[in-house]
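This report concerns only the one structure given below.
On a predicted model such as this, the values are computed, not experimentally measured, just so you know.
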Number of protein chains: 2
Amino acid sequence: MNTPAAYCQRAVQLGASVRHGLAHHTSVVRSSARAFRTSAVHFGQRAIVYSNHGDASSVLSSLTFSDLPPPPPKTLNIRFLLSPINPADINVIEGVYPAKHLPSNDLSSDEHPVFVAGNEGLAEVVAVGEGISELSERDWVVMTKPQIGTWASGRNVEVGDVLKVPSSELSEVQAATITVNPPTAYNMLHDFVQLQAGDWVIQNGANSAVGQAVIQIAASKGLQTINFIRNREDVESLKSHLGALGATQVVTYDELSDNAFKSKFKTWTQGRNVRLGLNCVSGKVTTLMACLLGEDAHLVSYGAMSKSPMSLPTSLFIFKNLSCHGFWQTRWYAQKTLEERVKMMNILADLIRDGKLRSPEHEILVIGGRESDSDTKTKICSAISRLAGGKYGRKVLLKIEETP
Amino acid sequence: MNTPAAYCQRAVQLGASVRHGLAHHTSVVRSSARAFRTSAVHFGQRAIVYSNHGDASSVLSSLTFSDLPPPPPKTLNIRFLLSPINPADINVIEGVYPAKHLPSNDLSSDEHPVFVAGNEGLAEVVAVGEGISELSERDWVVMTKPQIGTWASGRNVEVGDVLKVPSSELSEVQAATITVNPPTAYNMLHDFVQLQAGDWVIQNGANSAVGQAVIQIAASKGLQTINFIRNREDVESLKSHLGALGATQVVTYDELSDNAFKSKFKTWTQGRNVRLGLNCVSGKVTTLMACLLGEDAHLVSYGAMSKSPMSLPTSLFIFKNLSCHGFWQTRWYAQKTLEERVKMMNILADLIRDGKLRSPEHEILVIGGRESDSDTKTKICSAISRLAGGKYGRKVLLKIEETP
């Protein structure tokens, strides 16, 4: 009885202890909280939820429940159009990520929290609460508050937690993937070093979604990139793909480890001081990459796919004045004003509209309104396990339809 | 025939190929360059020199030569009063340090460079070249240009390479040790984080000369310090010594490695975010120390005594916003104006005069004017080998007297 569904049923039995957080709509919300079901009978909405951290296949459930009540003031009801499954989402569910979901007000009880999974998503506004002038029905919005819980057909959200997207300029896929990877790439390229056209940037994990955005944004600014990737069977086709995005050079970690690489590197960079390195791997690969950086360089980490620590000679810090930093888009959103978020969105939307920043390769996983919760769970957990195993090269976007 | 003395004798034979760099005093300088000797006959000056990098006992020589010619314009002749042997000096001689000595103009030939060892030193002005108003005979000066070569009885130096010391306020030992360790400590405490009284700083290698300066300068500002040191037989007496300097807590690496330490650390810091860590050890000790740092902290390295790399979990960078930097006083001097150097000197001199920054424990190694070059070399190499073996707790200051 430890599934979220069980918790929710218990919450219904507990009656008054159901937390809803929408005091002025108490009766409606209560009836909503009481009305959800977990199987055949559908009431309009679906969410992918969990109540305990752990392996996704053990803790995730699909939950169907009645439609959302009218939005309280300063809130919106939104319908999700596409919600990516990002690698960090899996870590959040496992409980090994510093960012956590808050319990869903309308699905949890005091004793039994229910968390809606997912962080990123594109949604359409379907109902606008009082006191909101900046958004209207049918507007597109993305989440700028982290871990709102986007793996759902619809939610009620605070107006300050979302940002309007220029829907006329972007496709659904472009808009649904605009809040995490592209700004991570953009900010890492701008926040640490002032780079000029012709300058070099080096990065590992270059075929990650962020890495591919780095290649394109760098190219759009006339920056040159050296991109390190894992060796693989079809490495030449990956090299071609990254080259087509704008990568100046693509190099495998095997090539990087070879002593001969240093002279190649010097020939390419022609003595130009390389001042920015981006890391999502750590371990030996990053030690080798850091040694290529010049005086006063910055090494910025946004991941550690090797699961090894970052191990660097101390002399790089003392004598070459290397600085190491981390970048986390979640922190960026927490620290920036609405104006700064809007500015970033517009910069990225312009790059996308101008064809300078392509959508990631992706597939859309549709969860039809008539699918059972059991089938839904199986579908999503299967996609997650393929992602976790590194089998997918493509981003998976959930399209969770409203239930009839 | 590869000793510096041999080079120098060859330089004499080469005559016109001797580099002197003092064109308007050519005849005097040449006669000076020609006149040096390596053994019994003394001509006024002595320098500890080398021509090839390597183990000090193999490459160092004592060299005696005639007195300095009158100083050319904008230069000074100085007499060294005390010249420290710092650990980095040994690395410079070995050739494993990024800073190098330039060949001595008056002792080298084009083909055979002669380097005077030593970086730090206190000297008295004995003759002032034309065009200098800011310094007079008998003024005390310290070197702010790195690797001038201070293990000598006297040198000719550019006026811009030295800084006047308030001789009335400082002892010889205080002044001779003011340009490397105290400013390293001061700058690391000020350049990376804005700290307020009551804030905590953590450091390893806390009994190093820099570490002891950190303790005292931090205490003078009301900062609290947690100081990590190696375990040793007389650890309690070292703890007492550092406590007397102003250390808030002194902890061995063994205690730091113990899981129980974390709760002790929390009790001490009472939830206060620790934002500055100073490292001269690297390796596991630094990994453990870095994990104690709070949000938005800076870890500044100025040494790596463990000879292990710095190995840190990438999550510290991404999720706790840790930044890692290096500090090198040599770079500081290269980047700062005369005014900034003077300001730093005055701040440190005030701390010393007010009893807030004590001289390091030290011994003075006198090289008498009548000692043979062979005995001199033996004495100095013996001191160096004890230092390199970590046997000395005290700083060794050379007092190389003029030869009769």
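- By the ring pair (Phe, Tyr, Trp, His ring centres under 6.0 Å) test, B:F228 pairs with B:F261, sequence neighbours left out.
- The most heavy-atom pairs under 4.5 Å with chain A, out of B:L299, B:L316, B:L312, B:V300, come from B:L312.
- Note on B:A304, B:C324, B:G326: by heavy-atom pairs under 4.5 Å with chain A, the leading option is B:C324.
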Would you enumerate the inter-chain donor-acceptor pairs between chain A and chain B whose distance is below 3.5 Å?
from, atom 1, to, atom 2, distance (Å)
A:S282, OG, B:T314, OG1, 2.5
A:M310, N, B:L312, O, 2.8
A:M310, O, B:L312, N, 2.8
A:L312, N, B:M310, O, 2.8
A:L312, O, B:M310, N, 2.8
A:T314, OG1, B:S282, OG, 2.5
A:I318, O, B:R331, NH1, 3.0
A:I318, O, B:R331, NH2, 3.1
A:N321, OD1, B:R331, NH2, 3.3
A:S323, OG, B:H325, ND1, 3.4
A:C324, N, B:C324, O, 2.9
A:C324, O, B:C324, N, 2.9
A:H325, ND1, B:S323, OG, 3.3
A:R331, NH1, B:N321, OD1, 3.3
A:R331, NH2, B:I318, O, 2.2

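- Partners of A:M305 by side-chain contact (heavy atoms from CB on, under 4.5 Å), not counting sequence neighbours, listed by chain and number: A:C280, A:V281.
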